[in-house]
Amino acid sequence: MVRSLTRNGTVKTMSKFAGLLIDFERRNVTKNISISDVRRLSKEGRLQEALQILGITESSIDSSYAYVCLLQGCIKKKALAEGRLIHGHINGTGFMLDRLIGNALITLYVKCGNLVDACRVFNQMSERDVCSWTVMISAYAKNGFPQEALVLFHQMRRTGIEANQFTFASVLPACASLGSLEVGIEIHEAIRRSGFQSDGFVANALVDMYAKCGSIENARNVFDKISEPDKVSWTTMVAGYVQAGKLHEAVEVFQQIPRKDVFSSTAMISGYAQNGFVDEALKLFEEMPQRDVALWNAMIAGLAQSGHGEEALRIFQEMQLAGVRPNSKTFASVLPACGNVAALKQGMEIHGGLIRSGLESAVIVASALVDMYAKCGDIDKARELFDRMGQRDILSWTVMIAAYAQNGCGMHALRLFQQMQLEGAKPDSKTFASVLPACANLAALEQGMEIHEKVIRSGVESDFVVVNALIDMYGKCGCINKARGLFDKMHQRDVVSWTAIIASYAMHGYGDEALTLFEEMKHSGVSPNHVTLVCVLSACCHAGLVEDAYRYFNHISAFYHITPTMEHYSCMVDVLGRAGRLDEAHNFINQMPITPNADVWSCLLGACRIYNNIELGECVAKHLFQLNPKNAAPYVLLSNMYAEAGKWDDVEMVRQMMRDRGVIKTPGCSWIEVNKQVYAFLVRDKSNPQMERIYTELERLSQEMKVAGYVPDTKFVLNDVEEEQKEQILFHHSEKLAIAFGLLNTVPGTTLRVIKNLRICGDCHSAIKFISRIAEREIIVRDANRYHHFKAGQCSCGDYW
């Protein structure tokens with residue numbers, strides 16, 4: 001028995017408890033002691049004394065009862081070490097692990113956060129009741145394993161054990177975590193059949209489940225049937241409306257609460273702040289007679305999430321002055337505020353305070369630090385902190401993956417996603433929503449489809465955020481039909497869903513379809529946000545719909561009460577510029593009520609290059625040189641204009657200006673995915689092992705293209721060299737290298753998807769049309785401006801880009 005205790009406890013505690021047990025076994029006094037004494041001492045938390053009178057009894061029923069009493073005492077005090085000793089004593093005596101003891105052990109391990117041992121005991125039990133199953137289902141749901149909770153619930157039902165109200169209240173949060181509305185509805189039906197729909201715990205769990213699964217109407221229906229809503233019911237309904245973006249309804253429910261408490265007020269403050277009603281949030285916050293740390297956290301988090309980072313930092317300082325001690329959730333809320341406003345200095349100060357307080361290693365705080373440094377542009381520091389984390393949860397992995405994806409490091413994001421799974425971490429809906437943009441930005445369709453399959457296997461395919469990310473991914477990978485298929489299957493759509501599908505059509509040049517969807521969106525009752533309107537204007541731009549663009553632009557403030565942003569103005573300049581209305585675009589800029597930034601002027605300079613308006617281009621370039629003298633783009637565009645016009649002295653003048661100012665040109669780069677791996681190519685690249693085959697393939701294509709009528713457009717070569725050299729330079733452009741690589745490494749008929757970091761030149765555009773016909777391939781190229789679908793010698797842009 002000493003060996004058993006040694007295996008299950010610390011040396012110090014083991015020696016004391018083992019000595020007591022051995023002493024009592026030797027004296028064999030348990031035959032005459034009262035089990036009620038064990039129960040009394042256990043309830044009073046006097047575990048050592050209770051253990052002293054336990055010993056080995058002849059009656060298995062009495063011993064079982066005594067063990068349960070003692071374990072309940074451990075549960076009450078969360079005494080894991082003592083509980084392990086008792087468990088070891090049970091194993092050492094060969095006592096049968098019956099249902100009562102098994103349930104007590106499971107509860108002890110769950111309460112102490114030891115899910116592994118709880119699961120081990122559960123699996124060893126020969127007999128289980130509804131309590132056994134419910135404790136394990138609840139443990140999985142509360143510890144971030146919702147899928148396992150649902151699997152266990154279904155297993156329980158297959159064994160013939162009927163769920164009770166506590167089982168239902170435990171499994172519904174798992175549906176909420178996964179956004180599994182269909183499973184939640186099935187469980188609701190089971191609740192109706194079992195007669196537990198009027199139970200308060202179950203009703204509150206149903207309201208929460210429906211709200212978090214995006215079915216706020218069902219949540220309200222359940223809430224309205226609660227005869228006497230308690231404070232949890234009211235708070236859950238308010239929070240549900242807040243999450244659904246229905247602030248007006250949230251306010252109505254909040255005002256009906258008979259006795260408002262800190263919990264309902266916290267939910268309402270979050271709602272006001274997250275929806276941009278900062279004054280209302282602050283007013284309610286100031287009215288609270290007492291403010292606990294949760295209320296401060298809600299105010300800070302709401303402000304940070306609604307884009308009021310500076311106000312969030314002010315409230316954080318006020319909290320400290322009020323003497324309220326921040327906890328890990330406070331720091332997890334204020335650090336994103338630093339990231340959102342790029343307040344690196346303040347973030348570093350908070351980081352220093354965290355180190356001093358010893359909270360830096362808390363997983364939720366460490367994850368927030370990673371996120372803050374990434375959003376402030378220090379991706380290396382973010383990765384350093386991530387690598388130093390002793391323990392990582394799914395949030396930690398998700399934050400680092402999102403950091404890479406949002407900072408243009410898509411391949412790093414995908415590699416980290418693979419590493420996460422190899423280390424045994426299971427992605428959740430937020431992880432999928434973070435990694436899918438990496439696939440989208442790289443046009444890595446094969447990997448995106450593989451992740452889509454994992455989404456389905458994980459049971460989160462109905463999650464709003466995940467479906468929206470999938471729509472965006474398929475759209476950016478050129479699979480507009482798959483994007484539309486997912487959109488059409490959605491039972492409910494929010495503004496992000498509509499915006500994602502409108503953007504998909506817009507970026508591919510399907511302007512009419514994008515505008516039709518926008519009208520459908522309005523008729524469905526969903527109001528556009530500023531991003532939606534940017535997508536609408538972009539659709540007009542790529543389709544050349546100038547008058548429609550003017551109409552929608554004028555509606556931004558008049559109909560939608562949104563102040564036009566710089567992005568909206570940039571889109572309008574782009575619309576006019578691409579349509580050749582350069583003077584009109586210039587006048588539009590001069591009449592802007594806000595000072596135009598570099599993006600606005602860049603749109604006009606790009607149009608000047610397309611239409612070779614050197615005089616206006618020189619004027620626009622001067623504005624750009626003043627705004628950002630280190631940005632290479634305007635120098636390159638102006639130099640290209642001079643080169644196309646044969647003004648080589650002016651070309652040299654611009655290049656000398658770049659040298660004097662230390663401006664470095666961004667090299668042309670193209671990416672292509674082949675067999676779930678992304679390959680990058682630079683202009684005149686020689687790094688790929690297959691480069692000799694690639695150049696041979698390009699030479700072969702060149703000969704066939706010339707026979708078919710292709711004539712190299714050497715005006716796009718911006719060097720003063722011989723014509724033959726110009727042709728060679730043209731065929732070394734990065735997108736042609738990527739296409740040749742794709743042709744060599746995929747089976748005939750496979751669609752090629754290429755990304756180019758710059759605008760595709762006119763010669764490459766013409767050449768790829770010929771290649772698509774000769775190779776009988778569909779080739780999709782995404783350049784800096786739009787998507788081009790090349791097929792059978794034609795391009796979807798109609799040569800308008």
Side-chain angles (χ1 to χ4, degrees), residues 172-173 175-177 179-181 184-185 188 203-226 229-258 260-261 263-285 298-299 301-308 429 433 462-468 487 490-500 518 520-533 559-562:
L172 285 168
C175 299
S177 297
S180 300
L181 179 60
I185 291 172
H188 192 178
N204 289 340
L206 280 168
V207 173
D208 182 63
M209 181 275 292
Y210 278 124
K212 288 179 177 174
C213 289
S215 183
I216 195 65
E217 292 82 7
N218 280 331
R220 185 56 190 262
N221 288 337
V222 175
F223 175 80
D224 288 339
K225 291 175 183 175
I226 301 175
D230 59 14
K231 61 183 181 181
V232 176
S233 314
W234 288 108
T235 302
T236 304
M237 197 65 244
V238 171
Y241 274 127
V242 167
Q243 182 180 339
K246 295 181 179 290
L247 187 63
H248 177 73
E249 290 84 348
V251 173
E252 283 186 344
V253 173
F254 180 72
Q255 290 173 344
Q256 293 172 22
I257 299 176
K260 299 176 179 64
D261 60 11
F263 301 104
S264 57
S265 297
T266 299
M268 196 64 251
I269 285 170
S270 296
Y272 278 133
Q274 290 172 19
N275 285 275
F277 292 88
V278 176
D279 293 338
E280 289 81 354
L282 289 170
K283 182 175 182 294
L284 181 57
F285 179 75
M299 191 71 243
L303 291 168
Q305 292 167 15
S306 63
H308 295 82
S429 58
S462 59
D463 184 277
F464 259 129
V465 179
V466 175
V467 177
N468 291 340
F487 176 80
M490 296 181 77
H491 298 296
Q492 289 183 306
R493 303 167 183 134
D494 61 6
V495 65
V496 179
S497 314
W498 285 100
T499 301
F518 179 64
E520 289 179 17
M521 172 186 174
K522 292 191 295 181
H523 291 146
S524 74
V526 178
S527 300
N529 58 23
H530 81 281
V531 180
T532 316
L533 294 164
F559 287 3
Y560 308 118
H561 309 294
I562 295 172

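Numbers for residues simply follow the sequence, beginning at 1. Everything quoted here is computed from the prediction, not taken from an experiment.
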- Take atom NZ of Lys231 as the centre, draw a 6.0 Å sphere, and report whether it contains more than 12 heavy atoms from other residues, nucleotides or ligands.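 Count not over threshold, so no.
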
Min side-chain heavy-atom separation [X]-[Y] under 4.5 Å:
X      : Y      : value
Arg493 : Ser524 : no
Met490 : Phe464 : yes
Asp463 : Val467 : no
Met521 : Pro528 : yes
Asp494 : Val526 : no
Thr266 : Asp261 : no
Glu217 : Tyr210 : no
Tyr560 : Lys522 : yes

- Message: Given 3.5 Å as the limit, does a donor-acceptor pair link the side chain of Thr235 with the main chain of Val232, or not?
- Response: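 Answer holds: no.
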
- Task: Check for a donor-acceptor pair, side chain of Ser265 on one end and backbone N or O of Phe285 on the other, with a separation under 3.5 Å.
- Result: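 Not at all, since once roles are kept as given, no pair shorter than 3.5 Å links the two residues.
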
Mind listing the closest non-hydrogen atom pair of [X] and [Y] along with its distance?
X      : Y      : result
Ala281 : Met299 : CB-CE, 3.6 Å
Ser429 : Ser177 : OG-O, 4.5 Å
Ser233 : Ile226 : OG-CD1, 4.1 Å
Cys175 : Met209 : CB-CG, 3.8 Å
Ser527 : Val495 : O-CG2, 3.4 Å
Val222 : Ala203 : CG1-O, 3.7 Å

[atom2] on [Y] to [atom1] on [X], rounded to 0.5 Å:
X      : Y      : atom1 : atom2 : answer
Leu206 : His188 : CG    : NE2   : 4.5 Å
Ile269 : Leu303 : CD1   : CG    : 10.0 Å
Ser215 : Leu181 : OG    : CG    : 5.5 Å
Gln492 : Ile216 : CD    : CD1   : 9.5 Å
Cys213 : Gln243 : SG    : CD    : 9.0 Å

- side-chain contact (heavy atoms from CB on, under 4.5 Å) evaluation trace for Leu247 with Tyr272: CA-CA 7 Å; Leu247 187 63; Tyr272 278 133; 4.2 Å; yes

- Item | Residues Arg220, Asp224: salt bridge by 4.0 Å N-O rule |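 Asp224 and Arg220: salt-bridged.
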
- Task: Among Phe223, Tyr241, Phe263, find the one that has a ring pair (Phe, Tyr, Trp, His ring centres under 6.0 Å) with Trp234.
- Result: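 The single option meeting the ring pair (Phe, Tyr, Trp, His ring centres under 6.0 Å) with Trp234 is Phe223.
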
- Kindly indicate whether a cation-pi arrangement holds for Lys260 with Phe254, taking the cut-offs as under 6.0 Å to the six-membered ring centre and within 45° of the axis.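 Yes, Lys260 sits over the ring of Phe254.
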
- Sequence-distant partners of Lys225, salt bridge (Lys or Arg N to Asp or Glu O under 4.0 Å), two or more places apart: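 Result, salt bridge (Lys or Arg N to Asp or Glu O under 4.0 Å) vs Lys225: none returned.
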
- Task: Could you go through the side-chain hydrogen bond (donor to acceptor under 3.5 Å, both in side chains) check for Thr236 and Asp208 one step at a time?
- Result: CA-CA 6 Å; Thr236 304; Asp208 182 63; 5.3 Å; no

- Validation row, ring centre Phe518 to ring centre Trp498 under 6.0 Å: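 Here the rings of Trp498 and Phe518 have centres that are no less than 6.0 Å from each other.
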
